[in-house]
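In this text the structure is predicted, and so the values were computed from the model without any measurement. Along the sequence shown, residues are numbered consecutively beginning with 1. Heavy-atom basis, side chains included; hydrogens, waters and symmetry copies ignored.
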Amino acid sequence: MIKHYGYIPVIFLLLLILTGCYDRIELEQQSYVIAVGIDKGEETGTFSFTFQLANPEVGATLSAGSDEEPQETVTITGSDIITATNTANSFITKKITLDQTKVIIISEELARSKDFIRVIQTAARTPQIRRSVQLIVSKENASDFLNNNEPKTETRPHKYYQYMLNRASQTGIIPDANLHRFFQITEGDADLFLAIYATTEISEPKESGSEDEYIAGQVPQQGGSKTQFMGSAVFKEGQMIDILDGQDTRICNILDKTIEMEELLATYPDPIKPEYQVSANYSQKSVPLVNVSYDKKNNHAKIDVTIPFEIEIIAIPSLVDYAQNNKYNQKLRESIEQSIEEKTTKLVKKSQEEYGSDPFYWSIYIRRYFKDIPAYEEADWNKVIYPNASITINYKLKRLEFGKMLKDSKLNEVRD
């Protein structure tokens with residue numbers, strides 16, 4: 001009898017281990033939602049949810065040559081994401097899961113309405129959706145965006161969004177727009193949130209002197225996928241109010257110290273031959289210096305921003321010898337600094353006069369002047385302090401390099 005008692009701890013331990021697997025669902029029994037599209041519904045309080053489901057068997061080595069579609073897109077009407085997901089399971093055989101979702105796409109119509117903050121709250125409550133999910137605003141309906149999006153070289157939707165957003169972020173033409181940042185800024189009720197702007201509808205090309213002064217849909221292209229990610233949608237207090245082009249989005253990324261910035265490619269006016277542009281690799285080795293002083297008596301702030309940066313010239317189509325001629329070299333340095341400062345000052349002024357708030361997250365530097373949150377809220381960063389603040393922008397070019405080739409081909413000798 002004593003021998004049988006010896007098995008009891010072992011049985012008890014096995015029960016503890018095995019009970020953890022009682023609700024296990026095999027991978028082939030699940031459908032993974034990669035993208036969620038949200039549009040306004042026909043009735044008040046309803047929304048149209050579009051789920052783009054990935055087929056994990058397509059693209060796997062063992063299933064090479066499979067005739068199955070890499071993705072499936074379905075649309076359903078509901079009041080929030082979670083209940084719509086459950087309803088969609090009435091006609092989708094596999095269990096729908098949201099924990100692999102990469103992007104949430106909002107139609108511009110919904111983003112500009114006051115209903116957006118209501119529907120996106122569900123994404124914050126459920127543990128199924130990660131806070132790293134990126135927010136995208138589409139010019140057209142989100143369902144149309146997902147159905148029209150047909151990448152040519154990457155059919156797997158999870159890889160497509162990962163590669164596309166990573167590449168666009170490297171060039172600085174889109175913001176870092178994760179869900180966590182949206183709620184952090186919106187609940188702070190002071191700064192502006194920037195979401196990624198995209199579309200599959202190509203409009204008339206914009207007459208522009210620079211390749212980054214576009215928003216999605218305006219980039220002149222021939223061939224390839226018609227989906228464009230360019231610029232940002234500006235949100236104030238949870239509602240979209242404007243669109244910034246790729247160049248302004250880059251400036252916002254540079255000025256915001258909470259954004260990790262390394263290098264980005266940009267063009268600048270050629271000071272000797274202004275009909276050409278100089279292409280350069282902009283590098284941010286150290287963070288901008290944001291110095292905020294506050295006059296409590298007059299409720300007035302003074303903001304001085306110094307941005308140290310480095311430039312590596314990668315293309316001089318005008319063939320002007322900026323590398324060997326010191327006079328030209330100095331002129332190029334001053335021209336680049338002046339060009340960025342003018343564009344940045346123009347954007348700052350626009351944010352003060354039109355938005356009444358900033359997309360640079362500068363409110364965090366002034367909060368230390370107040371004893372508590374009520375005192376800070378009474379001073380009112382949005383309506384009083386920021387619109388009337390004295391702001392100076394100063395770019396400091398620390399190093400100018402010309403890559404591994406100092407001399408360009410001499411055009412008069414090539415065409416003799």
Side-chain angles (χ1 to χ4, degrees), residues 34-40 50 52 73 102-113 116 120 133-154 157 160-179 181-182 192-236 239-254 259 264-267 343 347 350 355 359:
I34 301 302
V36 179
I38 309 177
D39 295 304
K40 293 189 72 171
T50 301
Q52 190 173 59
T73 303
K102 300 291 184 186
V103 296
I104 293 179
I105 300 156
I106 315 294
S107 67
E108 185 173 339
E109 180 188 15
L110 175 59
R112 288 184 181 275
S113 74
F116 170 66
I120 202 63
V133 169
Q134 294 288 311
L135 287 180
I136 298 174
V137 173
S138 62
K139 179 182 176 183
E140 64 276 35
N141 282 340
S143 59
D144 294 335
F145 178 88
L146 288 170
N147 285 308
N148 295 338
N149 185 18
E150 297 177 346
K152 303 297 183 184
T153 57
E154 183 54 77
Y160 168 74
Y161 288 113
Q162 178 184 334
Y163 294 155
M164 192 70 207
L165 297 182
N166 285 348
R167 180 61 194 142
S169 296
Q170 288 173 355
T171 58
I173 56 175
I174 63 172
D176 180 15
N178 62 63
L179 196 61
R181 185 176 173 84
F182 170 77
L192 303 175
F193 171 77
L194 300 183
I196 300 166
Y197 193 69
T199 186
T200 59
E201 296 179 353
I202 306 301
S203 57
E204 287 294 323
K206 176 187 173 185
E207 295 293 332
S208 172
S210 178
E211 88 294 337
D212 54 4
E213 295 179 8
Y214 300 110
I215 62 173
Q218 294 178 338
V219 182
Q221 72 170 85
Q222 293 182 351
S225 172
K226 57 185 178 182
T227 306
Q228 295 183 0
F229 295 83
M230 174 68 101
S232 51
V234 184
F235 281 78
K236 183 178 183 180
Q239 187 173 357
M240 180 179 169
I241 58 172
D242 199 10
I243 303 170
L244 295 179
D245 63 22
Q247 186 177 81
D248 287 342
T249 303
R250 275 178 175 163
I251 294 172
C252 292
N253 289 337
I254 291 171
I259 299 288
L264 58 85
L265 300 177
T267 58
K343 292 172 181 175
L347 177 62
K350 179 181 180 181
Y355 304 152

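Note that CD of Glu201 and NZ of Lys139 are 6.0 Å apart. Values are rounded to the nearest 0.5 Å. The line from CG of Asp176 to CG of Leu135 is 10.5 Å long, rounded to the nearest 0.5 Å. Note: Phe229 CZ to Ile174 CD1 = 7.5 Å, rounded to the nearest 0.5 Å. Atoms CG and CD1, from Leu179 and Ile120 in turn, are 5.5 Å apart once rounded to the nearest 0.5 Å. Summarising the geometry, atom CZ belonging to Phe235 is positioned 9.5 Å from atom CG belonging to Leu194; distances are rounded to the nearest 0.5 Å. Taken to the nearest 0.5 Å, the CD1 atom of Ile136 stands 5.0 Å off from the CD1 atom of Ile196.
When all heavy atoms are compared, the tightest approach of Leu110 to Lys40 is CD1-CG, 3.6 Å. A pairwise comparison of heavy atoms in Asn253 and Pro175 identifies OD1-CA, 4.0 Å as the closest pair. Taking each heavy atom of Ile215 and Asp245 in turn, the nearest pair found is CG2-CA, 3.7 Å. The shortest heavy-atom contact between Cys252 and Leu347 is SG-CD2, 3.8 Å.
When the side-chain hydrogen bond (donor to acceptor under 3.5 Å, both in side chains) test is applied to Ser138, no partner is found at least two apart in sequence or on another chain. A search for ring pair (Phe, Tyr, Trp, His ring centres under 6.0 Å) contacts involving Phe182 returns Phe116, Phe193, not counting sequence neighbours. Residues satisfying the side chain to side chain contact (heavy atoms under 4.5 Å, CB included) test with Ala216, not counting sequence neighbours, are Tyr197, Thr199, Gln228, Met230. Arg112 meets the side chain to side chain contact (heavy atoms under 4.5 Å, CB included) test with Glu108, Met240, Ile243; sequence neighbours excluded. In this view, Asp242 and Lys350 satisfy the salt bridge (Lys or Arg N to Asp or Glu O under 4.0 Å) rule, not counting sequence neighbours. Among residues two or more places apart in sequence or in another chain, the side chain to side chain contact (heavy atoms under 4.5 Å, CB included) test is passed with Asn141 by Asp39, Ser107, Glu109, Ser143, Asp144.
Here the side chains of Ile173 and Tyr214 are not in contact, with every heavy-atom distance at 4.5 Å or above. Between Thr73 and Thr50, the closest side-chain pair of non-hydrogen atoms falls below 4.5 Å.
Within the 3.5 Å criterion, the main-chain N or O of Ala177 finds a donor-acceptor partner in the side chain of Gln134.
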Open item on the list: Under the criterion side chain to side chain contact (heavy atoms under 4.5 Å, CB included), I'd like the reasoning laid out for Val133 against Val36: C-alpha separation, chi angles, the key distance, then a yes or no.
Closed with: CA-CA 10 Å; Val133 169; Val36 179; over 6 Å; no
